[in-house]
Amino acid sequence: MKKYFNKIVSAILIISLSGTISCTDFLDKAPQSEIDSDEVYKNFTNFQGFVEHLYNHIVLISASNWHNAWNLGDDEYWEPTYSILGNDFDQGNYWAWNTQYYSWFHDGGNPNSFNSDTDSSKDGKGCLWGLSWKGIRKANVGIANLDRLIEATPEERNLIEGQLYFFRGFFHFMLMQYWGGLPYINEDLPANIVFRFLRLTYQETADKAAADFERAAALLPVDWDEITAGKATLGNNNIRINKVMAYAYLGKNLLWAGSPLMNKVSGGNASYNAEYCKRAADALGQALKICEETGRYELAKFSEYTQLFYTFNQSGKLPRLKEAIFYENLVQSSTRFRWNQVNDYRPPSLVNEGVKCYPTANYVNFYGMANGLPVIDLATPDPESGYDPEYPWRDRDPRLYHDIMVDGEKCVLDGSRIGNDPERQYASLYTNGRFRNDPLNSAKSVFTGYMLSKYVSKYNNSWEQYRDGNCIMLSLMRLADVYLMYAEATAYGYGSPQSKATGYNLSAVDAVNKIRNREGLGVGEVADKFLGSTESFMSEVRRERAVELAFEGHRFVDLRRWMLLLERPYTLKTGIYFDRGMSDEEVFVDPVNARVLNLREEILSERQFAEKHYWLPLLRDDVNMYPEFEQNPGW
């Protein structure tokens with residue numbers, strides 16, 4: 001951390017609203033042509049150029065050169081013999097965040113990755129640790145120079161100041177949710193300072209971030225396109241920081257601070273802190289109220305749901321809908337997934353390349369029935385919900401059919417291109433099916449019995465998979481997430497599933513049902529039997545978060561903050577095994593209604609975690625700087 005704060009920026013880059021000036025080009029200029037520092041800050045256009053650089057420090061999660069694991073909970077099972085961040089974390093090796101060759105937390109010693117600071121075209125975009133500290137540094141430099149903004153309207157001044165305070169809070173929040181309470185750096189530190197800032201508790205750090213988010217929310221507009229200063233970049237303002245983003249992150253920051261893990265380590269107990277939850281509910285309610293009144297962000301129709309996550313063979317078109325509020329870094333967005341990780345989600349018989357990764361059966365179990373009720377036991381009939389283990393995929397939540405490929409689904413459109421082999425053209429995921437014991441490489445077979453389709457087209461084969469354009473872009477925050485956080489914060493802050501936050505008209509349960517009533521989805525609302533207590537309701541909130549936000553990188557943090565990471569069944573990763581109960585041809589015609597026999601679930605691995613695994617270890621160089629900067633417990 002010290003190296004990120006004790007460096008003096010040798011030159012301040014002016015970055016235009018439409019592009020950036022190369023750092024190398026700027027430093028190559030003759031001394032007499034260098035720009036006076038007053039010029040950098042004197043007017044809105046120049047100062048906004050400085051602020052634009054902060055957007056470059058938003059982390060890139062979904063790519064790390066060739067492969068990356070961003071789902072680190074109980075949701076994915078990676079090829080077990082391969083060194084990948086997901087496997088390292090499963091084995092309790094959290095030091096891998098800093099040493100793993102493929103890691104979005106740090107560069108992992110990989111000079112060619114998206115994480116590396118040595119690649120000017122990528123500029124360390126996957127390095128959460130380094131980018132966040134650099135972003136904090138730059139935000140503080142900007143705040144320290146606000147008085148030099150002399151040629152600006154009040155609106156322009158508010159935009160600059162609001163963005164700077166948002167980013168200072170945001171980068172601190174991104175760090176603290178993985179490493180815990182930290183020093184909150186809220187000043188432009190000189191290079192010669194003796195760095196001896198104490199680590200704050202998680203809640204103390206969150207309070208300071210909250211103050212920055214609140215200030216940003218008061219200063220920023222709902223939509224840059226609707227204000228005078230935004231007209232110069234009309235139509236290109238979608239990712240610029242706005243009031244909804246500030247309120248949403250204010251609420252998320254406060255909900256995390258009020259969650260059991262964060263409350264416990266801050267000197268409380270392993271339960272929710274009602275006061276933090278109230279504050280979170282009010283902030284999230286304000287964000288939702290603005291969205292509903294203005295239409296700035298809207299839940300996507302289910303018919304367009306895929307466009308939230310990826311595009312396939314659309315010439316690099318970015319997956320963008322009005323539901324997405326805040327994106328990961330967009331660097332090389334049209335190619336980074338196409339040429340590498342997209343191969344990881346299909347078995348060798350379809351794509352004989354890549355490090356294989358499949359959804360765990362235990363996670364797929366969270367996808368309940370279309371009537372809104374959960375699947376209690378995969379092997380047991382449930383008359384109430386209608387679940388039948390002989391027809392395990394019948395009448396399920398439609399999001400299962402979107403996110404997951406089940407046995408018998410069509411994988412290759414033109415069977416003649418693979419010799420009309422039905423075991424390859426249709427997903428052969430039954431026990432001893434080709435995909436489960438792949439003759440091309442059985443070590444990379446579909447271990448779990450399911451394949452992911454949330455980020456990968458269902459129709460691929462070995463040449464189309466590699467050739468065609470798969471463009472993925474994660475939303476770090478989308479509207480459905482805000483509704484779910486609001487439901488959780490309101491229930492615990494205001495006392496019940498029927499409670500409402502101050503100034504907003506939806507109850508906690510209304511917010512969950514808002515998502516289930518997404519146009520075209522048609523999932524049943526939360527059943528009355530879950531509304532008798534907050535704890536009972538929370539079981540459905542947790543399940544809804546698992547389904548709606550599946551494989552988007554939220555699960556690991558959720559399990560940690562709920563203090564469930566060490567508890568069974570959340571330590572398990574399982575696969576399913578079954579025989580087909582009808583002819584292959586009948587299965588291929590209607591796979592989701594296919595009959596199966598001898599359905600069973602088996603444990604593939606169990607993670608052996610201890611209390612220390614609730615937090616990532618801090619770098620040894622940082623904790624050795626001075627005694628007061630303590631390592632996280634157990635590391």
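Atoms considered below: every heavy atom in the structure, side chains included; atoms not considered: hydrogens, waters and symmetry mates.
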From CA spacing to verdict: ring pair (Phe, Tyr, Trp, His ring centres under 6.0 Å), Phe47, Tyr41: CA-CA 5 Å; Phe47 210 137; Tyr41 306 109; 5.0 Å; yes
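- Among the candidates Tyr178, Trp179, Phe89, the single residue satisfying the ring-ring contact (aromatic ring centres under 6.0 Å, His included) test with Trp97 is Trp179.
- Salt bridge Glu628/Arg199: absent, no basic N to carboxylate O contact under 4.0 Å.
- For the residue pair Gln163 and Gln48, a side-chain donor N or O sits within less than 3.5 Å of a side-chain acceptor on the partner.
- A donor-acceptor contact shorter than 3.5 Å links the side chain of Tyr94 to the backbone of His613.
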Is there a side chain to side chain contact (heavy atoms under 4.5 Å, CB included) between Val557 and Arg560 once you walk through the steps? CA-CA 5 Å; Val557 175; Arg560 290 172 47 243; 3.8 Å; yes
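- Just one residue in the list Arg568, Arg555, Lys573 forms a salt bridge (Lys or Arg N to Asp or Glu O under 4.0 Å) with Asp74, and that residue is Arg555.
- Side-chain contact annotation: His57 with Lys138, donor-acceptor N/O pair under 3.5 Å present.
- With rounding to the nearest 0.5 angstrom, the CZ atom of Arg168 is 9.5 Å from the NZ atom of Lys208.
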Go through the steps to decide whether Gln608 and Glu606 satisfy the test side chain to side chain contact (heavy atoms under 4.5 Å, CB included), and finish with yes or no. CA-CA 6 Å; Gln608 303 295 323; Glu606 180 167 9; 3.8 Å; yes
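- Looking at Glu488 and Trp562, their side chains do bring a donor and an acceptor atom within 3.5 Å of each other.
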Pair Tyr614-Leu566, side chain to side chain contact (heavy atoms under 4.5 Å, CB included): steps then yes or no: CA-CA 9 Å; Tyr614 277 122; Leu566 280 57; 3.5 Å; yes
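- Residues Asn329 and Leu60 share a closest heavy-atom pair of O-CD1, 3.6 Å.
- For Glu630, the CD atom counts as loosely surrounded, since its 6.0 Å shell holds 12 or fewer non-hydrogen atoms of other residues, nucleotides or ligands.
- Taking CZ of Phe171 as the reference point, atom CD1 of Ile185 lies at 15.0 Å (rounded to 0.5 Å).
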May I have the step-by-step check of side chain to side chain contact (heavy atoms under 4.5 Å, CB included) for Met262 and Tyr272, ending in yes or no? CA-CA 9 Å; Met262 289 70 169; Tyr272 280 87; over 6 Å; no
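- Within the 4.5 Å cutoff, side-chain heavy atoms of Trp129 are placed close to those of Leu619.
- When all heavy atoms of His554 and Leu549 are compared, the pair lying nearest together is CD2-CB, 3.8 Å.
- Asp212 and Tyr249 are not linked by any side-chain donor-acceptor pair at a separation below 3.5 angstrom, with hydrogens and angles left out of the test.
- A salt bridge is defined here as a Lys NZ or Arg NE, NH1 or NH2 lying under 4.0 Å from an Asp or Glu carboxylate O, and Asp188 with Arg137 meets this definition.
- For the residue pair Tyr276 / Asp207, a side-chain donor-acceptor distance below 3.5 Å is found, with atom types taken as modelled.
- No side-chain donor-acceptor contact under 3.5 Å links Tyr455 and Gln341.
- Atoms CH2 and CD, on Trp256 and Gln177 in that order, are 7.0 Å from each other to the nearest 0.5 Å.
- Side-chain atoms of Gln100 and Ser83 form a donor-acceptor pair, as typed in the model, at a separation below 3.5 Å.
- Looking at Cys127 and Val59, their side chains never come closer than 4.5 Å, going by heavy atoms from C-beta outward.
- With values rounded to the nearest 0.5 angstrom, Leu250 atom CG is found 7.5 Å from Leu284 atom CG.
- Checked by atom type and distance alone, the side chain of Trp70 pairs as donor or acceptor with a backbone atom of Phe551 at under 3.5 Å.
- No side-chain heavy atom of Ile58 sits under 4.5 Å from any side-chain heavy atom of Leu131.
- Side-chain atoms of Ile136 and Asn186, non-hydrogen and from C-beta on, never get closer than 4.5 Å to each other.
- For the pair Leu255/Tyr492, no side-chain contact is recorded, criterion being any heavy-atom separation below 4.5 Å from C-beta on.
- For the pair Gly181 and Thr205, the tightest heavy-atom approach, listed with the atom from each and the gap, is CA-OG1, 3.5 Å.
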Are Tyr55 and Phe167 close enough, and set up right, to give a ring pair (Phe, Tyr, Trp, His ring centres under 6.0 Å), and what steps lead you there? CA-CA 9 Å; Tyr55 291 82; Phe167 275 119; 5.0 Å; yes
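- Contact record, Ala248 with Ala287: N-CB, 4.1 Å, taken as the closest heavy-atom pair.
- Taking the six-membered ring where tryptophan is involved, the planes of Phe366 and Tyr363 are perpendicular, since the angle between them exceeds 60° and thus also 30°.
- Ionic pairing of Glu548 and Arg478 is present here: one or more N-O contacts between side-chain nitrogen and carboxylate oxygen are shorter than 4.0 angstrom.
- A centroid separation of 6.0 Å or more is found between the aromatic rings of Phe629 and Phe197.
- Counting all heavy atoms, side chain and backbone alike, Tyr450 lies closest to Pro359 at O-CD, 3.4 Å.
- The closest side-chain donor-acceptor pair between Ser62 and Glu328 falls under 3.5 angstrom.
- Remark: Lys612 NZ is packed, more than 12 non-hydrogen atoms of other residues, nucleotides or ligands lying under 6.0 Å away.
- Taking all atoms of both residues into account, the shortest heavy-atom contact from Val355 to Glu79 is CA-OE1, 3.6 Å.
- Here Glu52 pairs with Arg240 in a salt bridge; the nearest charged N to carboxylate O distance falls below 4.0 Å.
- For an aromatic pair to be called close, the ring centres must be under 6.0 Å apart, and Phe170 with Phe326 satisfies this.
- For the atom pair CG of Asp481 and CG of Leu476, the computed distance is 10.0 Å after rounding to the nearest 0.5 Å.
- Contact check on Glu161 versus Arg215 returns a salt bridge, with a Lys/Arg side-chain nitrogen under 4.0 Å from an Asp/Glu carboxylate oxygen.
- Looking at heavy atoms from C-beta onward, Met563 lies out of side-chain contact with Ser271 at the 4.5 angstrom threshold.
- For the residue pair Tyr494 and Asp282, a side-chain donor N or O sits within less than 3.5 Å of a side-chain acceptor on the partner.
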Mind running side chain to side chain donor-acceptor pair (under 3.5 Å) on Asn242 and Tyr247 for me, showing each step along the way? CA-CA 9 Å; Asn242 60 41; Tyr247 274 125; over 6 Å; no
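- Between Ile472 atom CD1 and Tyr310 atom OH the span is 10.0 Å, to the nearest 0.5 Å.
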What verdict does the side chain to side chain donor-acceptor pair (under 3.5 Å) test give for Glu76 and Asn71, after you've listed the backbone C-alpha separation in whole Å, the side-chain angles of each residue and the deciding distance to 0.1 Å? CA-CA 7 Å; Glu76 288 182 345; Asn71 295 305; 2.9 Å; yes
